[in-house]
Amino acid sequence: MEVAGGGAGGADDISQTETAILRWKLAVWQQYQHVLDKITPHVLRRWLGFLVVAFIYVLRVYFLQGFYVVSYGLGIYILNLLIGFLSPQVDPAISDGGTLPTSTSDEFRPFVRRLPEFKFWCSITKAFCIAFVMTFFSAFDVPVFWPILLFYWVVLFSLTMRRQISHMIKYRYVPFTLGKQ
């Protein structure tokens with residue numbers, strides 16, 4: 001009988017530990033969400049903070065003279081985010097009728113991004129932070145000839161941006177608001 005009671009006490013300890021961990025995770029998540037909610041309206045400060053994080057990452061990679069594969073992966077991810085940021089939420093090529101005005105007599109509808117500015121900022125900042133942490137582990141420092149990676153990225157960037165810009169010209173939308181119409 002004592003063995004069964006001892007086992008139940010052990011299970012209670014495990015469930016209490018799991019409950020404490022879940023409570024801790026919830027508290028950390030709530031604090032994180034609170035900070036995000038507080039900084040949402042401060043666009044310039046958020047982007048300046050991002051530039052500081054990106055500069056620190058670039059300095060670290062420069063002084064370590066390595067982690068080029070991590071930087072390449074980061075560049076590809078940034079390119080993916082940029083495409084989402086520059087693309088409309090509803091693609092006019094796919095939708096019937098389109099949501100963007102096609103003539104001056106059409107009603108003005110604001111450009112709605114597929115990836116909103118705040119989520120773009122949040123994702124790119126997290127990506128740089130994760131890449132920064134990866135620079136502390138030598139397993140991610142794969143030896144490569146970095147000029148080839150840079151060349152691949154530049155080619156990919158130019159082809160992708162050319163396609164994106166031609167899409168913007170074809171469907172006559174500008175992803176930036178330059179004042180009220």
Side-chain angles (χ1 to χ4, degrees), residues 28-29 32-33 35-36 39-96 98-102 109-179:
V28 168
W29 177 255
Y32 173 72
Q33 194 61 46
V35 169
L36 286 181
I39 64 174
T40 298
H42 306 287
V43 178
L44 181 62
R45 290 180 186 170
R46 281 191 285 119
W47 283 104
L48 288 176
F50 161 73
L51 288 176
V52 168
V53 169
F55 183 71
I56 290 170
Y57 173 77
V58 169
L59 278 179
R60 178 147 173 86
V61 169
Y62 175 76
F63 285 125
L64 290 176
Q65 294 293 312
F67 296 96
Y68 300 121
V69 172
V70 173
S71 298
Y72 178 72
L74 179 63
I76 297 296
Y77 183 69
I78 290 170
L79 183 59
N80 186 29
L81 290 176
L82 188 61
I83 293 301
F85 181 70
L86 296 176
S87 299
Q89 188 174 26
V90 178
D91 191 359
I94 298 171
S95 68
D96 49 335
T99 59
L100 299 173
T102 56
R109 294 181 210 123
F111 181 80
V112 179
R113 294 173 176 19
R114 186 169 25 134
L115 181 66
E117 181 270 336
F118 181 77
K119 288 186 178 183
F120 177 64
W121 169 82
C122 194
S123 297
I124 201 169
T125 305
K126 278 190 230 177
F128 269 93
C129 291
I130 290 169
F132 180 76
V133 169
M134 289 173 78
T135 62
F136 289 98
F137 300 98
S138 61
F140 298 112
D141 191 12
V142 179
V144 293
F145 187 60
W146 67 266
I148 291 175
L149 288 181
L150 181 61
F151 176 73
Y152 285 159
W153 188 83
V154 168
V155 167
L156 185 64
F157 179 82
S158 60
L159 290 175
T160 305
M161 283 298 114
R162 187 177 74 186
R163 190 181 78 218
Q164 185 67 32
I165 290 170
S166 67
H167 189 269
M168 290 164 54
I169 291 169
K170 181 178 179 182
Y171 293 102
R172 297 186 201 119
Y173 67 90
V174 178
F176 306 104
T177 51
L178 304 171

### Message
Rounded at 0.5 Å granularity, tell me how far SG in C129 sits from CD1 in I124.
### Response
11.0 Å
#### Entry: Nearest heavy atoms of Y68 and L149, plus distance in Å
O-CD1, 3.8 Å
### Inter-residue atom distance M161.CE - L156.CG, 0.5 Å rounding
9.5 Å
### Message
Show the nearest heavy-atom pair for residues Q164 and S87, with the distance to one decimal.
### Response
NE2-OG, 3.4 Å
#### Entry: Chi angles and distances behind the side chain to side chain contact (heavy atoms under 4.5 Å, CB included) call for R45, F50
CA-CA 9 Å; R45 290 180 186 170; F50 161 73; over 6 Å; no
### Task
Show the numbers, then the answer: is there a side chain to side chain contact (heavy atoms under 4.5 Å, CB included) between Y77 and S123?
CA-CA 9 Å; Y77 183 69; S123 297; 3.8 Å; yes
### Task
Give a yes or no answer on whether the side chain of R46 reaches the backbone of T40 with a donor-acceptor pair at less than 3.5 Å.
yes
### Task
Could you go through the side-chain hydrogen bond (donor to acceptor under 3.5 Å, both in side chains) check for T135 and Y57 one step at a time?
CA-CA 9 Å; T135 62; Y57 173 77; over 6 Å; no
### Task
Could you tell me how the ring of F118 sits relative to the ring of W121: parallel (under 30°), tilted (30 to 60°) or perpendicular (over 60°)?
tilted
### Task
Can you measure from CG (L74) to CE (M134) and round to the nearest 0.5 angstrom?
9.5 Å
### From CH2 (W153) to CD1 (I78), nearest 0.5 Å
7.5 Å
### Query
For the atom pair OG (S71) and CD1 (I76), what is the distance rounded to the nearest 0.5 Å?
12.0 Å
### Summary
Value for CZ (F132) from CZ (F67), rounded to nearest 0.5 Å, stands at 10.5 Å
### Query
How close do F85 and E117 get, heavy atom to heavy atom, and via which atoms?
CE1-CA, 3.7 Å
### Task
Give the minimum heavy-atom separation between L82 and F120, together with the two atoms involved.
N-CE1, 3.8 Å
